[in-house]
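Reviewing the structure listed below.
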There are 2 protein chains.
Amino acid sequence: MAPQLTTTSYAVLAQVAVHPWSTYELAQQRVRYFRYVWPRAESAIYREVKRLSSMGLLDGNKEWVGKRARTVYSITDKGREALREWLATPVSPFAMDFEALIRLFVAPLGTKEQIVTTLTQVRDDVREMLRFGGEVKQEFLDGISVTQDQVYIRALAVDFFISLLNTVGAWAERTLAEIESWDDLSPDGKNERALEKIRELPVLTPESVERTPVPPRTQLHPRRR
Amino acid sequence: MAPQLTTTSYAVLAQVAVHPWSTYELAQQRVRYFRYVWPRAESAIYREVKRLSSMGLLDGNKEWVGKRARTVYSITDKGREALREWLATPVSPFAMDFEALIRLFVAPLGTKEQIVTTLTQVRDDVREMLRFGGEVKQEFLDGISVTQDQVYIRALAVDFFISLLNTVGAWAERTLAEIESWDDLSPDGKNERALEKIRELPVLTPESVERTPVPPRTQLHPRRR
DNA sequence: GGACACATGTAACGGGTTACATGATTTC
DNA sequence: GAAATCATGTAACCCGTTACATGTGTCC
């Protein structure tokens, strides 16, 4: 049996499918391709191309720059076939790591300044990513993108990226504003206003029929026997 | 030196800070706390509590259920102090894993049906998460949440969650509609329309930035590990 | 009294990360 | 011609995963 490929493998295959790259270029150009939707360390890419080429999915061509070797990889028919088969398998769901939310939960342990700093960082990170998104947009409008012939597909992805970041950015802004309007991080007098805000959130709540009567929460101190 | 804690460690600490839990409850209740913003396997939690308690940040109490032991953990002062110190460090940026976008990029290698299936899966995943979000909302409105006294904080997080999912869901819907309006996945005659759509995306491009003076961006902080 | 879900973990593998090494090119 | 930066990787540790193991209440 061939060893199992990971999503990272397919991400690399997908990038090489566009055109051949040296490993270094591959690792660098991930920024323009998958850095924000499938972030991985550079060294993972180096390892991945070797695996893929040992399996015959990539074709590695050694070149020489002075006394240094470098390898340029292109995708093979077998590689394209692997991608094709992958497309028929179930997709893994959208997932995120958002440390700032964990900090928010314990924010009252720290100072107001700290949580404001955290949220400001989030806002700035998002701005930076949006700046990058604007760059990509401009590249396509100028007609100079490497994947210019694929605009009809890439546009869908850029749409996703921009929409999502605008949402996160807007959330950061309004949350900053809310917290800055507080005197401190204590609950005093804040919960009622918060309930009002929760009530207005755009999501359906389960109907009372389905509403499970509160299950007596698991006992923290079970009886001995 | 004490071993370095990871964000997962702090996530566990943060959850135990709410009130004591047995390890099993901890692992289960992650769904209601961090599953969607900091997803980790259950076994990671089991290992983490042992580490944290060996460091004195958690206090583990052995109890007996029949002949089986179980451990109930509560946070120590030292644990709360660790959380406090953590709040002063730079936050790690929002990150996501979104395999569907990689598939979208290579979609023309496969069939229209396949990419439609993938996007439908995304839409359904989002619906399920939104259903959960609605449940949480209802719990707060009913006043029965375990963190009822923290509504003023949790509301901010629920806001984030719902906003983000609505954005992803809306994107999935309109992308499905777009692709279903196509005869096939070839670029024929699609790129011009796509450029028009890109032009309308709500993000500043470098050119427009040059024309519109923008306040100097705050410096980005370094990445945490 | 057998089946089955719940409860409570452990073992082991592998992907991802950080740290390091070394040659080539540019800058001053 | 030294320093800094770019280019091209390798090594090793550790977090996160999947798979498994075993005890306990419950249902019919």
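Order of the sequence lines sets the chain letters (A, B, ...), proteins ahead of strands, with each chain counted from 1. These numbers come from a predicted model, not from an experiment.
Because its NZ or CZ atom is both nearer than 6.0 Å to the ring centre of A:Trp86 and within 45° of the ring axis, B:Arg103 counts as a cation-pi partner of that residue.
Of the candidates A:Asp149, A:Asp142, A:Thr147, A:Thr147 is the only one forming a side chain to side chain donor-acceptor pair (under 3.5 Å) with A:Ser145.
The distance from atom CG of B:Asp97 to atom P of D:dT17 is 11 Å, rounded to the nearest whole Å. Between the CH2 atom of A:Trp38 and the C1' atom of C:dG16 there is a distance of 12 Å, rounded to whole Å. Here the P atom of nucleotide D:dC15 and the CD atom of B:Gln4 are 10 Å apart, to the nearest Å. Distance CZ (B:Phe34) to C1' (D:dG16): 18 Å, rounded to an integer number of Å. At whole-Å resolution of the value, CH2 in B:Trp64 and P in C:dA7 are 18 Å apart.
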### Query
Going through the checks in order, is the ring-ring contact (aromatic ring centres under 6.0 Å, His included) test met by B:Phe160 and A:Phe98?
CA-CA 11 Å; B:Phe160 171 83; A:Phe98 195 27; 4.7 Å; yes

### Task
Between protein and nucleotides 2-12 of chain D, map the contacts as a letter string: B base, S sugar-phosphate only, - none, heavy atoms under 4.0 Å, written 5' to 3'.
----SBBBBBB

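A salt bridge links A:Glu173 with A:Arg127: the closest approach of a Lys/Arg side-chain nitrogen to an acidic carboxylate oxygen falls below 4.0 angstrom.
In this structure B:Arg35 satisfies the salt bridge (charged side-chain N to carboxylate O under 4.0 Å, His left out) test with no other residue, sequence neighbours excluded. Residues satisfying the salt bridge (charged side-chain N to carboxylate O under 4.0 Å, His left out) criterion with B:Arg154, sequence neighbours excluded, are absent altogether.
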